[in-house]
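Written below as structure tokens is the structure these notes are about.
Sequence positions, counted from 1, serve as the residue numbers for this chain. Small disclaimer: the values here were computed from a predicted structure and weren't measured. Each ligand, and each atom within it, is numbered from 1 in the order the structure gives.
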Amino acid sequence: MRVVLLGPPGAGKGSLAGVLKEKFSLAHISTGDMLREEIKKGSELGQEIQTLITRGALVSDELVTKLVAQRITKGQDLKKGFMLDGYPRTVKQAQDLDEILKKADLPLDFALNMEADSTLLLKRLTGRRVCRKCGALFHMLNKPPVKSGVCDACGGELYQRTDDNEETIKARMQVYEISTQPIIEYYTSQHKLKELDGNLETIDLANAVTALLK
Ligand SMILES: [Zn+2]
């Protein structure tokens, strides 16, 4: 199964990705992770990306498409299927993706769209903390660390990503809304869109997604 994950920041795409990996053995292709890797490398490209993200803006279509095409062409781990997370963000990218997948003979099965209440999204996002050392995720509401500010797994320091503050999040949500509506229409016209409730917690989500994809 090959799917695209759609949903605003904080709707629970991370949880959904976990369910799809565990129950359907899908490989997780996250453009966010690929971009963060570039930032971590400290390359010129990485610095450029960091500036854009801090402003709440998006990285250019061409650049992300190139990363995705590379990943899909080289991917030996994609036989059981995969999920794309963070891509496409525009109709142009959706069209490019169709081309890439057609060439690789791996056409898309579904686009899963998660919607959630905006107040809930803000609460979820501003509470997020990340381990500086191992990348483990915590949440002040849902998954607080045993000791405040310290990673349970490795003892590393927890921090709030610079793109997790309220102003940046609101900007990201707005950008998301405007750019995603046409993508939802694109997949609706292909009869590939499936809707999931992003207000659900992880266990309900597992049941919901299993029922939906059966
Ligand atoms: Zn850690």
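Under the 3.5 Å distance criterion, the side-chain polar atoms of Asp105 are left unmatched by any main-chain donor or acceptor of Lys102.
A salt bridge links Arg128 and Asp164; the closest N-O separation between the charged side-chain nitrogens and carboxylate oxygens is under 4.0 Å.
Around the CD atom of Glu185, the shell of radius 6.0 Å holds more than 12 heavy atoms that belong to other residues, nucleotides or ligands.
Counting only protein atoms, the N, O or S atoms lying less than 2.8 Å from the Zn ion (ligand 1) are Cys131 SG, Cys134 SG, Cys151 SG, Cys154 SG, ordered by chain and residue number.
Atom CD of residue Glu99 and atom OG1 of residue Thr65 lie 12.0 Å apart, to the nearest 0.5 angstrom.
For the pair Lys143 and Phe138, the cation-pi criterion (under 6.0 Å, within 45° of the ring axis) is fulfilled.
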Could you walk me through whether Lys13 and Asp85 pass the salt bridge (charged side-chain N to carboxylate O under 4.0 Å, His left out) test, one step at a time?
CA-CA 8 Å; Lys13 273 192 299 175; Asp85 182 358; 3.3 Å; yes
